[in-house]
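Structure, as C-alpha cells:
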Amino acid sequence: MNGESSNPRRRRLIPYALLGPGLIWLLVFFVIPMYFMGELALRSGTLETGFGFSWEFSNFSDALSRYDENFIRSFLYAGIATLIALLIAYPLAYMIAFRAGRWKNALLFVVVAPFFTTYLIRTIAWTTILSDDSFVVETIGSLGLLGGSDRLLATPTAVIAGITYNFLPFMVLPIYASLERIDTRLIEAAKDLYSSAAQAFWRVTLPLSAPGVVAGTLLTFIPAAGDYINVIFLGSSNQSMVGNAIQSLYLSLRDYPTAAALSFMLMAVILALVVIYIRFAGSEALMGDEEEVR
Amino acid sequence: MNQARKTLLAVLGLVAAIGLAACGGDDVGGGSNEEEVTVAESEGEASGDLNISNWPFYIDNKTVGEFEQETGLSVDYNEDVNDNSEFFGKVQPQLQQGESGGRDIMVVTDWMAKKMYDLGYLQDMDQDAIAGAKENLREDLASPEIDPERSYTLPWQTGMAGLVVNTSQASDVTSVNDLFDPQYKGQIEMLSEMRDTVPLVMKADGIDPADATTEDWLDAVEKIRGAVESGQIRKITGNDYTKDLANGDAVAVIGWSGDAVQLQADNPDIQFVMPDEGCILWSDNMVIPVGAPNPTAAYEWMNYVYEPENQAQIANYNYYLTPVQDVQPILEQQGSDAAESDLVFPDDEYTADCSTQTDPPGSAEEVAEVEQEFQSVITG
C-alpha cells in the first residue's frame, strides 16, 4: 500500500499546510502591522490630544518636503556603498570559488566572522579606529588622501565606508553561491572554442553569476537605504539619512503620523527601484534559470 | 474534517482574533486626563521585586547590593534612560495602556516628569510612606514649579549643564560663545537635550531663559543650525560626547557636570568649566508610573537612598549635586574629595548666574514648533 496516494484529499492539502506557517507569519508580522502603519499615516493631531483618523494625505507631502535631503542622501549613500561592495565582493567571491582550493571554507568563515559580533558593536569599534588622532587617520592624512581635512569621522566618506563594510557579506555570499555552482566545463569549452580568458569571463562566467550579483545588490541596497546606525556613530547631522529622520520623528518628536508616512514612502521608493532594477536585470537572473545552465 | 485542516482553521481563527483585538485599539495617543490621578498606596512590609529605570553612570556598584541585603528585596536596576525624549518615545505606548512595562521607578528630568504627569502616566506618591525621605530633602528643592508639593516627584540627583573642556587643547574656552570660535572647527559638540543646549546658547547672547520668547529660542536654534551646517559643530549627541572627548575627537562641548569628573579618571585635563554667563540647573526625579507593580518596594528604595550615609556613597561616585541634606559632613569624615568639590556642593557664588531649566514658553503648539526646529538641526 502506498500511503501517499491512498488519501488524495490529504495530498491536496499538503502544499497549503507547508505554506501555512510562512503565510501566517507574513500576515501577523507584515500585513497587519502594514495596515496599522498605513492607517496611522493618515491620522492627524498630537500625542497630547490624541491622533484622530482624518485622511490626512498632507502627511506625505509634508514629510517629503521636510526630509527630501535625507531621502536623496539615503539613496545616494546606499547606491555608492552597493557599487563599492560589488567591486570588492566580486573578485573576492571569484577567488574563493575558483582559486582557493582547500582554503575555501576557511575564507568563507572569515567573510562571515564579523557577524559573530553585533552590528552595533562593530560600528562603534570603527569610531575608535577612525578617531582623529588614530594611527589610521594620521597615516591616510599624511598620504594626502584626506583632501585638506584632518578627519574621517563625521564625513560622508566614513558613513559610506561603514555601510559598505557592514553589508559586504550580503554581497559576497550570493555571488559566491552562484559562481560556485557554475560547471567549469563550460568555461573550458569556451576556451576550446578559441575564446580568450577575458571573453570566456564576459560571455560565460559573468552571465552565469548574474543571479548572485542581482541578489547581492538587492540584499545590500535595501537595508543600506534604511540604515541609520552608521550615521549616528560615523556621521553627523550633515549626513543624516531617512532612517535618522524616521527615528527622530518617532522617538523625539512623537509625530507618529508623519513618521509612518515617511516609512511608507521609503518603502514605496525602494519597491519602485527594485522593480525597475529587476525588469532591467531580467527576472531570470534573479530566479536563476536552471534550464539555461544545463 | 481531518486533523491538518482542523489545525489550520484553528490557527487562522487565532490570527483573525489577534487582528480584531488589535483593531479595537482605536486610540493612538491622547492623555487619560479625565480619570483622577491615582495614589500608589504603600501596603505594609515591602517584599518581592523592585524594577528601576535610571540613567547610566548614576549609581556606584555597591548600593544596589547593600539595599538588597538589608531589605531582602530583589532589584532589577536598568540603565535604560539615555535621553528624556527617546525614553518617552519608548515607554509611551505602554504607559498609555496603563502599563509600566514592569517598572516601579523611572528617573526623568523635571520637564519630562511634568509632561508625563499631565498625560496621566504617573501616580501620586503615598506621602506617609516617604515622609522620612522628604525630611532629608534639601530645602531649596522642596517646592519646584513643576510639582510645588512634591506629590509625584522625588529628586534623584540634580546637576549642571555647562562646558566640558579638554583644557590642554582648548584652555581659553570659558563661555558658550567660545564654542563658535573657528579655531575649534569640527571639535565642538552639543547636547541633544534641547532644554540644556538652547538656553545656554541664549545666555551667552545675553538673554535670560526665564523671560525668553519663542523667537529667542528659535534664534538660538538657528545659530546652532548655522554652526552645524558649517561644520563648526561636529555632532549633537546624548551621553556619547564623553567618548569623543576621551578619544580627542572633541575638545570642548556642552555637557553635564558629573560626566567631567568621571572622564578625569582617564584624562585629568578634562574639566567642567562654569560658563562666564552661568549654567543650567536641572533636576532628575524618581517617579512612579501607572501600573507600577510594587510601589511599596519603590518607597523602601526612596527612603533608603535618602539616608545621608547611603546618599554619600552615591554622591561620591557620580559627583552630581545631591538632593539630600547633611551629606557633606559624612563625606568630609570619610576624607572624600567630593566634600570639597564645587560640583557636588557648589556655594551660592559658584552658581550665581545659573538658570533653572525651563520649557520653551507659550502654547503647546509653540513648544512643539521649537522642538521640531531643534530636531531638524539634528536630522540635517
Side-chain angles (χ1 to χ4, degrees), chain A residues 7 9-10 13-14 16-17 20-21 24 27-28 31-33 35-36 39-40 43 45-53 66-67 69-70 73 124 127-128 130-134 149-151 153-154 231-233 235-241 244-245 247-257, chain B residues 2-5 7-8 11-12 14-15 18-19 22-23 25-31 33 83-90 92 96 115 118-119 186-187 189 192 194 225 228-231 233-237 240 243-244 246-250 364-365 368 371-372 374-380:
Chain A
N7 189 341
R9 266 181 75 193
R10 172 175 284 189
L13 281 171
I14 285 174
Y16 295 102
I24 290 166
L27 189 66
V28 173
V31 179
I32 294 175
Y35 163 76
F36 283 107
E39 201 236 19
L40 187 58
R43 287 173 181 243
T46 65
L47 190 65
E48 282 77 9
T49 58
F51 297 107
F53 188 78
R66 264 164 70 189
Y67 298 106
E69 284 180 33
N70 303 63
R73 263 184 229 130
I124 292 172
T127 63
T128 308
L130 298 182
S131 78
D132 297 2
D133 301 333
S134 70
S149 149
D150 56 354
R151 69 178 203 210
L153 285 182
V231 171
I232 291 182
F233 293 108
S236 72
S237 303
N238 294 332
Q239 285 85 46
S240 92
M241 295 164 65
N244 303 88
Q247 186 209 19
S248 148
L249 279 167
Y250 261 115
L251 291 181
S252 295
L253 290 170
R254 273 95 52 192
D255 183 351
Y256 300 155
Chain B
N2 66 41
Q3 198 56 41
R5 202 168 185 184
T7 318
L8 190 67
V11 173
L12 282 176
L14 187 70
V15 169
I18 295 170
C23 290
D26 214 22
D27 299 320
V28 179
N33 273 345
D83 176 298
N84 281 301
S85 295
E86 288 201 3
F87 181 69
F88 181 75
K90 196 168 81 174
Q92 187 272 333
Q96 198 203 327
K115 184 185 180 94
D118 289 346
L119 283 163
Q187 297 179 298
E189 297 187 359
S192 56
M194 179 182 83
R225 188 195 306 279
V228 166
E229 283 174 358
S230 73
I233 295 176
R234 185 186 184 106
K235 251 186 188 179
I236 308 241
T237 72
D240 288 349
K243 194 167 60 65
D244 290 348
N247 276 348
D249 290 350
E365 289 79 46
E371 281 187 325
Q372 189 172 322
F374 185 71
Q375 278 299 318
S376 77
V377 173
I378 298 179
T379 53

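None of the values given here were measured: they were computed from a predicted structure. The basis for the numbers below is simple: all heavy atoms, side chains too, and nothing from hydrogens, waters or symmetry mates.
- Of the atoms belonging to B:Asp240, it is side-chain heavy atoms, and not backbone ones, that fall under 4.5 Å from chain A.
- No side-chain heavy atom of A:Phe233 sits less than 4.5 Å from a side-chain heavy atom of A:Leu130.
- You'll find the side chain of A:Arg66 reaches within 4.5 Å of the side chain of B:Gln372, heavy atoms only.
- Heavy-atom pairs under 4.5 Å with chain B peak, among A:Glu69, A:Arg151, A:Arg73, at A:Arg151.
- No part of A:Ser134 comes within reach of chain B, as not one of its non-hydrogen atoms sits under 4.5 angstrom from that chain.
- Between chain A and the options B:Lys243, B:Lys235, B:Arg234, the largest number of non-hydrogen pairs under 4.5 Å is found for B:Arg234.
- Interface remark: of the candidates A:Asp133, A:Leu249, A:Asn244, A:Asp133 forms the most heavy-atom pairs closer than 4.5 Å to chain B.
- Among B:Lys115, B:Glu371, B:Lys90, the residue making the largest number of heavy-atom pairs under 4.5 Å with chain A is B:Lys115.
- Residues B:Ser192 and B:Asp83 meet the side-chain proximity criterion, which asks for heavy atoms closer than 4.5 Å.
- The two atoms that bring B:Thr379 and A:Asn70 nearest to each other are O-ND2, 2.9 Å, heavy atoms only.
- Here B:Asp249 is the residue among B:Asp249, B:Asp244, B:Ile378, B:Asn84 with the most heavy-atom pairs under 4.5 Å with chain A.
- Ranked by heavy-atom pairs under 4.5 Å with chain B, the list A:Ser252, A:Pro257, A:Ser236 is led by A:Ser252.
- When only modelled atom types and interatomic distance are considered, A:Tyr256 and B:Gln92 share a side-chain donor-acceptor pair under 3.5 Å.
- In this structure the side chain of A:Asn238 never reaches within 4.5 angstrom of the side chain of A:Ser240, judged on heavy atoms.
- Of the atoms belonging to A:Gln239, not a single heavy atom falls under 4.5 Å from chain B.
- Contact detail for B:Ile233 and B:Glu189: the closest heavy-atom pair is CG2-CA, 4.3 Å.
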